[in-house]
2 protein chains.
Amino acid sequence: MGLEEDLKQSKFANEHQKAMVNILFTSNWISNRNAAYFKKFNISPEQFNVLRILRGSNPKPMRLADIAERMIEKNSNCTRLVEKLRQKGMVDRQLCEANRRQVDISITSRGLKLLAEIDKDVDHWLTIQKSITKAEAEELNRILDKLRQ
Amino acid sequence: MGLEEDLKQSKFANEHQKAMVNILFTSNWISNRNAAYFKKFNISPEQFNVLRILRGSNPKPMRLADIAERMIEKNSNCTRLVEKLRQKGMVDRQLCEANRRQVDISITSRGLKLLAEIDKDVDHWLTIQKSITKAEAEELNRILDKLRQ
DNA sequence: GTATTACATTTGTATAAACAATAATAGTAT
DNA sequence: ATACTATTATTGTTTATACAAATGTAATAC
């Protein structure tokens with residue numbers, strides 16, 4: 001189903017405007033699906049993203065600011081998001097003694113276990129892989145990167 | 001600047017996962033730019049979107065449900081968003097006598113004037129048009145539509 | 001050493017999103 | 001007519017976003 005049907009709209013001013021709306025709409029579409037999927041693990045999509053970021057650095061901990069600049073939603077409040085993950089036992093907070101302004105965050109074994117469980121559940125991730133080819137994904141990445149120049 | 005630099009990340013599991021993150025990140029990037037741009041007009045991006053939807057139907061009014069299914073963010077609360085626009089004098093609410101469950105919403109002359117002003121301000125819209133070609137916009141639209149199949 | 005500036009994180013707050021529940025009206029079956 | 005169901009919109013509530021302000025620490029200038 002094309003964007004015109006999804007938004008019950010027949011016309012766009014031009015391809016560029018349509019592309020902009022299409023990116024926003026598709027992003028919302030993905031977000032909603034992800035949120036529904038992650039609900040059973042009791043985490044939000046961006047919380048999942050932060051866990052993946054921390055796993056990438058593991059066992060080296062990360063500062064809040066380093067996490068924040070890797071997050072998809074740059075405006076979201078890293079302190080509070082990480083605190084939510086800590087309350088769930090997914091991450092560990094440790095005041096950095098070398099520089100007492102910063103806090104070291106690292107993923108716990110429980111957090112790693114959750115990620116492993118989600119990684120195994122390929123059905124969810126397959127949805128996008130089945131719909132577009134690798135070449136199309138590459139082309140998509142190229143155009144999106146170019147758009148933000 | 002590519003996604004890896006934007007997110008300070010060196011590797012993605014595969015092109016499909018990168019594409020998913022790229023869509024979400026680019027959508028946020030656009031949203032933030034739009035929000036900053038529309039701030040001087042004292043409206044939000046989705047409020048602007050609804051005004052455009054109402055202009056498309058003008059002079060025929062629209063029901064709330066019809067507006068809602070054309071909105072980009074399907075979860076957002078149409079009643080409250082339209083009420084915000086009404087408070088700003090951009091739209092008109094009229095109880096439908098033929099079916100007293102529904103409410104007819106139409107854009108006011110003030111709303112049309114605002115849209116005309118924004119339309120004239122091409123500098124903002126040119127940003128995306130300068131970065132990618134028409135052919136790339138078409139390809140982007142094709143791939144995104146295919147992805148949501 | 002004190003003041004100033006920069007840095008890293010936390011806290012506060014207004015607004016919006018997500019989702020469920022309610023209310024009001026209209027249509028349908030018996 | 002009455003009960004039942006569907007439709008349309010509103011309201012309520014919890015959580016998250018956006019952004020500004022404040023806190024605490026470190027580095028630098030004088």
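Naming convention: chains lettered A, B, ... in sequence-line order (proteins, then strands); numbering from 1 in each chain.
B:K113 meets the side chain to side chain contact (heavy atoms under 4.5 Å, CB included) test with no other residue; sequence neighbours excluded. Contacts of A:R70 classified as salt bridge (charged side-chain N to carboxylate O under 4.0 Å, His left out), with partners at least two apart in sequence or in another chain: none.
Distance A:L95 CG to D:dT23 P: 18 Å, rounded to the nearest Å. In this entry the distance linking OH of B:Y37 with P of D:dA18 reads 20 Å, nearest Å. Rounded to an integer number of Å, the gap from CD of A:Q102 to P of D:dA26 is 9 Å. Separating the NZ atom of A:K39 from the P atom of D:dT15 is a distance of 12 Å, rounded to the nearest angstrom. The interatomic distance linking A:N42 (CG) with D:dT15 (C1') rounds to 13 Å, in whole Å.
Applying side-chain contact (heavy atoms from CB on, under 4.5 Å) to A:L144 and the options A:R148, A:K146, A:R142 leaves one that passes, A:R148.
Close approach of DNA chain C to chain A, defined as any atom under 4.0 Å from a non-hydrogen atom of the protein, starts and stops at C:dA6 to C:dC19.
An OP1 or OP2 oxygen of D:dT25 is reached within less than 4.0 angstrom by a side-chain nitrogen or oxygen of A:R100.
For the segment residues 73-93 of chain A, the set of residues with a heavy atom within less than 4.0 Å of an atom of DNA chain C comprises A:N77, A:T79, A:R80, A:R93, in numerical order. For DNA chain C, the neighbouring residues in residues 46-71 of chain A, judged by any heavy atom under 4.0 Å, are A:R63, A:L64, A:A65.
A salt bridge is absent between A:K74 and B:D6; no separation between the charged side-chain nitrogens and carboxylate oxygens falls under 4.0 Å. Using a cutoff of 4.0 Å between basic side-chain nitrogens and carboxylate oxygens, A:K18 and A:E4 are scored as salt-bridged.
Across every non-hydrogen atom of B:N58 and B:L112, the tightest pair is ND2-CD1, 3.8 Å.
Surrounding NZ of B:K60 are at most 12 heavy atoms belonging to other residues, nucleotides or ligands under 6.0 Å away.
The residue among A:N32 and B:R101 whose nearest nucleotide of DNA chain C lies closer to the 5′ end is A:N32.
A donor-acceptor pair is defined here as one N or O able to donate and one able to accept, closer than 3.5 Å; no such pair exists between the side chain of A:S27 and the backbone of A:I23. Between the side chain of A:T108 and the main chain of A:D92, no donor-acceptor pair closer than 3.5 Å is present.
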Problem set entry | Trace of the side chain to side chain donor-acceptor pair (under 3.5 Å) decision for B:N49 with B:E46 | CA-CA 5 Å; B:N49 188 38; B:E46 191 69 310; 2.8 Å; yes
Please table the atom pairs, donor to acceptor, closer than 3.5 Å between any side-chain atom in residues 93-103 of chain B and protein atoms at least two apart or in another chain.
unit_1: B:N99; atom_1: OD1; unit_2: B:R101; atom_2: N; d: 3.2
unit_1: B:N99; atom_1: OD1; unit_2: B:R101; atom_2: NE; d: 3.2

